[in-house]
Number of protein chains: 2
Amino acid sequence: MRRLTRKGAATRQRILEGAALHIREHGVVETTLDDVLVRTSTSKSQLFHYFPGGKEELLLAVARLEADRVLEDQQPQLGELTSWEAWRRWRDLIVARYRDQGTNCPIHAVMSQLRASTPGAQAVVSELMERWQAEIADGVRHMQAVGEVAGSLDPDQAAAALLSGIQGGVLIQLSTGRTTHLEAALDMGIAHLRANRP
Amino acid sequence: MRRLTRKGAATRQRILEGAALHIREHGVVETTLDDVLVRTSTSKSQLFHYFPGGKEELLLAVARLEADRVLEDQQPQLGELTSWEAWRRWRDLIVARYRDQGTNCPIHAVMSQLRASTPGAQAVVSELMERWQAEIADGVRHMQAVGEVAGSLDPDQAAAALLSGIQGGVLIQLSTGRTTHLEAALDMGIAHLRANRP
DNA sequence: CCTAGACTGGACCCCACAGTCCAGTACGGG
DNA sequence: CCCGTACTGGACTGTGGGGTCCAGTCTAGG
C-alpha cells in the first residue's frame, strides 16, 4: 500500500479501532472478521485491502495500538516520578486503570493468539516492557539524584522487579477480578525503594 | 461416566497426558483433537466418551493437571521456607524450572483459550494462586516466629506481592525468553523480607 | 459362561470463518 | 475533463476441525 487517500486512511483507522473495541468487549477468540466488518460497516475486500496479511496482520496492528495506549494512559504521572507523593499518584492511577479494564486485557488476549505464528508479536510486548521499565528506572534515578534513594540500588533492577509485580498483579486480576495483588505488588515495590534511603 | 474399568481409566489418562504434552510442545492454538488422537492412538469416540464436553472439557482437565504440577515442582523447597538459605534454594529452583520451561507456558496458553467460555477455568487459576500464596505466607510466618522478620509485616500481603512478581516475571519471560525479570522480582521480594528485621 | 454396559473404530456431518475474485464507483493529479 | 488507481460491495470458495453416530468388541460381575 503506497498511497492512501484521506478517505482510505479513515477507513483503515475505522477498521482498526473497530477491531480493537470488539476485542476489548468480546475477547479475541470471539472476534471474527465478519464481526469487525459489521461493526465498522465495511466489507471483506476493504479489510484485505488495508490489511493484506489478513487476520494476523490486523491483530498485530491492534496489539500495537493497545500497547501504545498502555503507556499513554499512565501519563503524565509515569513521566514525573519526582517525589514520593508523585509515586503514590502513579500507583493509584495504575490501580484505577486496571480496575476499570476489568478481567479482559486486550494485549494479553491478542498475544496469546499470535504467540508462535507471528514473529513480530513478541517484539511488540518486549518493546512495551522496555519502554515501561525505562520510565520507571528514570523515576528511580531521579529519586536517587534528590537523595531520597541510595545510589547503591540498581535502578534498572528495581524497575524490572516493580514492573514484574505490576504484570503479575494484572495477570492475577484476570482470574480473580480483584486488584489486591496488583496493589500489594506496587506497594511493596515502592516500599522497597523507600526502605533504601541513603 | 459412572464406572470406569481399569482399561478405561488408562485410556482416559493416556488422552489427558497426550493432550498436555502436545500443548506443551506446540501450544494450544496448534493443537487439534485429531493431533491428540494420533499421538495417543485413540479415536474420536473414545475422546468424547471420556470427555463428553469435548475440547473445552479436555482443556480444562489439562489446565488442572498443569496447575497441580506447578506446585509439585516446587516441593519440597516451597514447604520448608524456614531459613534464608532455604528461601534462596527455593528462589533458584523456581528460576531453573521456568528457564527450562522456556517461552511456552501451558497453563497460560490453555487459560487464554478458555477464559470467557468456561466458568470453571478461572477457578483453576484462582485456586492455584491461593494455594501458592498460602505456602509462601506460611514461610513468612515461620520467619517471623524465629525472629528473622518483624511481626508488623502482613504475611499475606507480602506473599501476594511476591507471588505477583513471580507471575509477572514469568509472563515477561514468555516474550523476552529471559528470566532476568523473574530473578529481579524474586530477589526484591526476598530482600524486602530481610529488610524488615525486628 | 452369559449378558449389560463399558469400550473402541472410524466414517460421516456440518458450518464457521478466513481468504479470493471481479465488477463497479469515487477520487485526484495532470 | 479524463484516466489511472485507490477504493468499495458482496457473492463465492474451500477446508480445518469440532462434534455425531452406530455397529462391533471387550470386560466384569453374577
Side-chain angles (χ1 to χ4, degrees), chain A residues 1-19 22-23 25-63 109-110 112-118 121, chain B residues 1-19 22-23 25-63 109-110 112-118 121:
Chain A
M1 198 177 328
R2 38 224 113 136
R3 294 184 55 195
L4 273 185
T5 64
R6 187 167 306 172
K7 191 177 167 192
T11 301
R12 194 194 127 97
Q13 193 65 14
R14 192 152 42 94
I15 293 173
L16 182 56
E17 289 177 355
H22 200 276
I23 287 171
E25 289 171 0
H26 302 89
V28 78
V29 182
E30 309 293 323
T31 298
T32 74
L33 294 188
D34 286 326
D35 289 334
V36 176
L37 298 181
V38 169
R39 165 166 225 142
T40 60
S41 304
T42 44
S43 67
K44 274 277 170 75
S45 64
Q46 297 179 63
L47 195 153
F48 278 85
H49 182 68
Y50 295 111
F51 301 93
K55 191 173 196 182
E56 194 170 306
E57 187 177 340
L58 178 60
L59 288 182
L60 193 56
V62 169
V110 170
S112 59
Q113 198 73 5
L114 295 177
R115 192 156 306 291
S117 49
T118 317
Chain B
M1 199 176 327
R2 38 228 115 132
R3 296 185 55 196
L4 272 186
T5 64
R6 187 168 304 171
K7 191 174 166 194
T11 302
R12 193 194 128 98
Q13 193 65 13
R14 192 152 41 94
I15 293 174
L16 183 56
E17 287 177 357
H22 201 276
I23 287 172
E25 289 171 0
H26 301 90
V28 78
V29 182
E30 308 294 321
T31 298
T32 74
L33 294 188
D34 286 326
D35 289 334
V36 176
L37 298 181
V38 169
R39 163 165 227 144
T40 59
S41 304
T42 45
S43 67
K44 274 274 174 75
S45 63
Q46 296 179 64
L47 195 151
F48 279 85
H49 182 67
Y50 296 110
F51 302 92
K55 190 173 198 184
E56 193 170 305
E57 186 177 342
L58 179 59
L59 289 183
L60 192 57
V62 169
V110 170
S112 59
Q113 198 73 5
L114 294 177
R115 190 155 309 289
S117 48
T118 316

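It should be emphasised that the depicted structure is a prediction, and the values quoted were computed from it without experimental measurement. These numbers come from the heavy atoms of this one structure, side chains and all, not from hydrogens, waters or symmetry mates. Numbers restart at 1 for each chain; the letters A, B, ... are given by sequence-line order, proteins then strands.
For A63(A), the side chain to side chain contact (heavy atoms under 4.5 Å, CB included) test picks out V110(A), V124(A), with sequence neighbours left out. Taking the side chain to side chain contact (heavy atoms under 4.5 Å, CB included) definition, one finds that T32(B) meets it with D34(B), D35(B), sequence neighbours left out. For the side chain to side chain contact (heavy atoms under 4.5 Å, CB included) test, residues two or more places apart in sequence or in another chain that qualify with A19(B) are V36(B), L58(B), V62(B).
Here the C1' atom of nucleotide dT8(D) and the CD1 atom of I15(A) are 11 Å apart, to the nearest Å. Atom P of nucleotide dA16(C) and atom NE2 of H26(A) are separated by 17 Å, given to the nearest angstrom. When rounded to the nearest whole Å, the span between CG of L37(A) and P of dA16(C) equals 16 Å. Spacing between atom CG of L47(A) and atom P of dA18(C) amounts to 10 Å, rounded to whole angstrom units.
Taking each heavy atom of A121(B) and L114(B) in turn, the nearest pair found is CB-CB, 3.8 Å. Closest approach of A61(A) to F51(A), counting heavy atoms only: CB-CE2, 4.0 Å. A pairwise comparison of heavy atoms in H26(B) and R39(B) identifies CE1-NH1, 4.3 Å as the closest pair. Here the closest non-hydrogen pair linking G8(A) and Y50(A) is CA-OH, 3.1 Å.
Using a 4.0 Å cut-off, no side-chain N or O of Q46(A) falls inside it from OP1 or OP2 of dC7(D). Within the structure, every side-chain polar atom (N or O) of Y50(B) is placed at least 4.0 Å from both OP1 and OP2 of dA6(C). Within the structure, a side-chain polar atom (N or O) of T11(A) is placed less than 4.0 Å from OP1 or OP2 of dT8(D).
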Write out a two-atom table: protein N or O, nucleotide N or O from nucleotides 24-30 of chain D, distance below 3.5 Å.
unit_1: dC26(D); atom_1: O3'; unit_2: K7(B); atom_2: NZ; d: 3.2

Please list, pair by pair, any protein nitrogen or oxygen found under 3.5 Å from a nitrogen or oxygen in nucleotides 17-22 of chain D.
unit_1: dG18(D); atom_1: OP1; unit_2: K55(B); atom_2: NZ; d: 2.9
unit_1: dG18(D); atom_1: OP2; unit_2: L33(B); atom_2: N; d: 2.9
unit_1: dG18(D); atom_1: N7; unit_2: K44(B); atom_2: NZ; d: 3.4
unit_1: dG19(D); atom_1: OP2; unit_2: K55(B); atom_2: N; d: 3.0
unit_1: dG19(D); atom_1: N7; unit_2: K44(B); atom_2: NZ; d: 3.1
unit_1: dG19(D); atom_1: O6; unit_2: K44(B); atom_2: NZ; d: 2.8

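Between L37(A) and L47(A), some side-chain heavy-atom pair lies under the 4.5 Å cut-off.
Atom-to-atom distance recorded for R12(A):CZ and E17(A):CD is 11.0 Å, nearest 0.5 angstrom. In this structure, T40(A) OG1 and Q46(A) CD are separated by 7.5 Å, a value rounded to the nearest 0.5 Å. Taking CD of E56(B) as the reference point, atom CG of L59(B) lies at 8.0 Å (rounded to 0.5 Å).
Taking the C1' atoms of five terminal pairs at each end of the helix from dC1(C)-dG30(D) to dG30(C)-dC1(D), the two resulting helix axes are inclined by 30°, rounded to 10°.
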